[in-house]
Structure formats: structure tokens, C-alpha cells
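Accompanying notes for the structure given below.
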Amino acid sequence: MTPPNDPLDLLVEAAWTARDAAICTYSGFAVGAALRDAKGKTWTGANVENASYTLGLCAERVAIFHALTHGGRDFTHVVVATDTPTPTSPCGACRQILWEFARNATVVMVARGGVTATITVAELVPLAFDAGALDAARTAVRNDPDA
Ligand code: THU
């Protein structure tokens, strides 16, 4: 059994608190996210929706963009909290951002129903696209005398 003050429990609690700030006017689906960085600092976010639906942002990206622009780096854990019976995993767009900025993190998905699931970012993003592909293309062009 997990002790009450287990550090990950605190991160889970932070994700639930973040979820309370969700602005999910249109979907009614509130999400809280909490990241831990290598220094042990916690960064949180919640999803934000607006009338022009597609402009809204998921909790994970709100949290990570806030962290990145305030000095957070080298994330070790990402907690995603939802009011669902079973865990909710990050959407495709968030997976891409997690891959690029939180590649070594473990994702912990907690559901109001009490079920928790854990997976690594690397497992969530097989065959990821990233700057490596851009670099490889540039190198290929440089090495091709006809290009
Ligand atoms: N959402 C998140 O914030 N994170 C996820 O992992 C899945 C989806 C948000 C986006 C939108 O505001 C609402 O949930 C419904 O899709």
C-alpha cells in the first residue's frame, strides 16, 4: 500500500486540484495535469475551451508549455486526472509534445473511478516524428550533389 505522503501521491493531488480550474464549457470534460521536473518542482495545467472550438488546449499542453516557459525541464512524471471510471490517455497532439519535451517521463493516468494506469511517453509514441527527421533530411540534401 502507498504511504499517504508518497511523493507521487502529492503529484496526483496536484493534478486533481488543477482539474478544478478546467474551463470545459463545451465538452464538460474536465482534465487536470501535473508534471514533475528533475528538480522535484510541480507544474500544473487544466484544459481550456473557447467558442471557436478548435482553439482550445488540453491540460497536458497547458501544463507543459507553462513549465517550459518558466524554467521547467527534464520531466520525470506526468499525471493526468479525469472524472472517468477508467484512465484517460493523452490525445495525439499531446503525445507529440510529450515526446519532444518530456521524452523520459512516466505518464500516470488517474480516474475518479479509482483506476490508475501507468505508461512511459516512449511507449505512447511509437515511431515518433521529431527533429531527427528534419536533421536527416538536411543531411541528405547536403550529401546529394544533384540537390
Ligand atoms: N482533453 C485534455 O485536456 N486532455 C486529454 O488527454 C484528452 C482531452 C480535453 C480537450 C477538451 O477540452 C476536452 O478534453 C474534450 O476533448
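Just so you know, these numbers use all the heavy atoms, side chains as well, and skip hydrogens, waters and symmetry mates. Remember, it's 1-based here, ligands and their atoms both numbered in the order they're listed.
- Distance check, rounded to the nearest 0.5 Å: CG of D83 to CZ of F29 gives 8.0 Å.
- R73 places a side-chain N or O within donor-acceptor distance of the main-chain N or O of L68, the cut-off being under 3.5 Å.
- Checking side-chain atoms of Q96 against main-chain N and O of F129 turns up a donor-acceptor pair under 3.5 Å.
- Here the heavy atom of the protein found nearest to atom 3 (O) of ligand 1 is A59 N, 2.9 Å.
- One distance of note links CG of L98 with CG of N104; it measures 12.0 Å at 0.5 Å rounding.
- Heavy-atom contacts of C58 reach the following atoms of ligand 1: 1 (N), 2 (C), 3 (O), 4 (N), 10 (C) (cutoff under 4.0 Å).
- Looking only at distances, a side-chain donor or acceptor of E49 sits under 3.5 Å from a matching main-chain atom of Y26.
- The closest protein non-hydrogen atom to atom 16 (O) of ligand 1 is F29 CD2, 4.7 Å.
- Those atoms of ligand 1 that come under 4.0 Å of a heavy atom in E60, given as number and element, are 2 (C), 3 (O), 4 (N), 5 (C), 6 (O).
- Atom CG of residue L35 and atom CG of residue L11 lie 7.5 Å apart, to the nearest 0.5 angstrom.
- The backbone N or O of G72 lies less than 3.5 Å from no partner atom in the side chain of D37, so there is not a single donor-acceptor pair.
- E123 CD to T106 OG1: the interatomic distance, rounded to the nearest 0.5 Å, is 8.5 Å.
- Within ligand 1, the atoms closer than 4.0 Å to a non-hydrogen atom of S89 are 6 (O), numbered from 1 in the order shown.
- The ligand atoms of ligand 1 that sit less than 4.0 angstrom from a heavy atom of S27 are 13 (C), 15 (C).
- For N47, a nitrogen or oxygen atom sits less than 3.5 Å from a nitrogen or oxygen atom of ligand 1, counting backbone and side chain alike.
- For atom 14 (O) of ligand 1, a protein heavy-atom neighbour is found at a distance under 4.0 Å.
- The C91 neighbourhood of ligand 1 comprises atoms 6 (O), with distances under 4.0 Å to a heavy atom of that residue.
- Residue contacts with ligand 1 include P90, since one or more of its heavy atoms lies under 4.0 Å from the ligand.
- Annotation: E49 places an N or O atom under 3.5 Å from an N or O atom of ligand 1; distance criterion only.
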